[in-house]
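Sequence positions, counted from 1, serve as the residue numbers for this chain. Indexing begins at 1, ligand by ligand and atom by atom, following the structure's order. Because the structure is a prediction, the values reported are computed rather than measured. No hydrogens, no waters, no symmetry mates; every other heavy atom, side chains included, goes into these values.
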Amino acid sequence: MSLELKNIYKIFKSGNTETVAVNNFSLNIQKGQLVTFLGPSGCGKTTTLRMIAGFETPTNGKIYLEGKDITNDPPNKRDISMMFQSYALFPHMTIKENIEFGLKLKKLSKKEIKEKVSKIINLTGLEGLEDRRPDQISGGSNNVLH
Ligand SMILES: Nc1ncnc2c1ncn2[C@@H]1O[C@H](COP(=O)(O)OP(=O)(O)O)[C@@H](O)[C@H]1O
Ligand SMILES: [Mg+2]
C-alpha cells in the first residue's frame, strides 16, 4: 500500500477572496509508515486530510493510492478512512453497533463482522464497554480539543 500526493494545491474562492489553503504539497507514504502533520492553525493540515479522504478535490495536483489515480474518486470509492476531530458516532447505538454499522454496509459476513469488531475493540482498548452508548464512555481528551 502506498499513498502519493503530487503537487497538490487547494485554493478556496469566495466572492473575490482567494485562500491558498495548500500550496504545492507533495508527499509519498509507504505501507506501515506513520506520518504526522504538525503545523500552526490554518496551515492546511485538515484540508490535506480531507483531500486524501475525498471530501475536497484539489484545485491542482494528483493523489495516487497504490499507483491508482484517486484524485476525483468520491470518499466511498477509496479505501481510506478518516477519524474526525469531533467524532461522528450514532448516539443511539452501542459501541459495538457503531463499529458494525460500516461493516454491515460493506455486506461482510456475520463471522467477518464479529472478528473485525473484536479486533477493533481490542485495538482501541474498549473491552468491556462494547454495549455502552457513546455518551456512557469517556471521550478522553477529545472533549477539550477543537
Ligand atoms: N471550506 C473552506 N472555505 C474557505 N477557506 C477554507 C475552507 N477550509 C479551510 N479554509 C482555509 O484554508 C486554510 C487552511 O485551513 P485548514 O486546512 O483547516 O488548516 P489547519 O487544519 O492546518 O488548521 C485556512 O486559511 C482556512 O481558513
Ligand atoms: Mg485542522
query: Salt bridge or not for K116 and E112, using N-O below 4.0 Å?
result: no
message: For ligand 1 and T48, I'd like to know whether there is a polar contact (N/O to N/O, distance under 3.5 Å).
response: no
- prompt: atom 27 (O) of ligand 1: protein heavy atom closer than 4.0 Å?
  reply: no
message: Nearest 0.5 angstrom please: D131 CG to T94 OG1, how far?
response: 5.5 Å
- prompt: Contact between G39 and ligand 1, counting heavy atoms under 4.0 Å?
  reply: no
message: Please list the nearest protein heavy atom to atom 6 (C) of ligand 1 with its residue and the distance rounded to 0.1 Å.
response: F12 CD1, 3.3 Å
- request: Quick one: look up the protein heavy atom nearest atom 13 (C) of ligand 1 and list residue, atom name and how far away it is.
  value: G42 O, 3.6 Å
- prompt: Would you say T47 has an N, O or S atom lying under 2.8 Å from the Mg ion (ligand 2)?
  reply: no
field: atom 16 (P) of ligand 1 - nearest protein heavy atom and its distance
entry: T47 OG1, 3.6 Å
field: Side chains of F12 and E18 in contact at under 4.5 Å (non-hydrogen atoms)
entry: no
- request: Do me a favour and list the nearest non-hydrogen protein atom to atom 18 (O) of ligand 1 with residue, atom name and distance?
  value: T46 CB, 3.8 Å
- prompt: Among protein heavy atoms, which sits nearest to atom 19 (O) of ligand 1, and what does the distance come to when rounded to 0.1 Å?
  reply: G44 N, 3.2 Å
task: State whether R50 and E56 are salt-bridged, where the test is any N-O pair (Lys NZ or Arg NE/NH1/NH2 against Asp/Glu carboxylate O) under 4.0 Å.
output: yes
query: Are the side chain of R78 and the backbone N or O of I70 linked by a donor-acceptor pair below 3.5 Å?
result: yes
- line: atom 11 (C) of ligand 1: closest protein heavy atom, distance to 0.1 Å, is T19 CG2, 3.9 Å
- request: Give a yes or no answer on whether the side chain of T71 reaches the backbone of I63 with a donor-acceptor pair at less than 3.5 Å.
  value: yes
- prompt: Can an N or O of A21 be found at a distance shorter than 3.5 Å from an N or O of ligand 1?
  reply: no
Salt-bridge criterion met for K119 and E115 (N-O under 4.0 Å): no
- request: Examine distances only and state if a side-chain atom of Q33 and a backbone atom of K31 form a donor-acceptor pair shorter than 3.5 Å.
  value: no
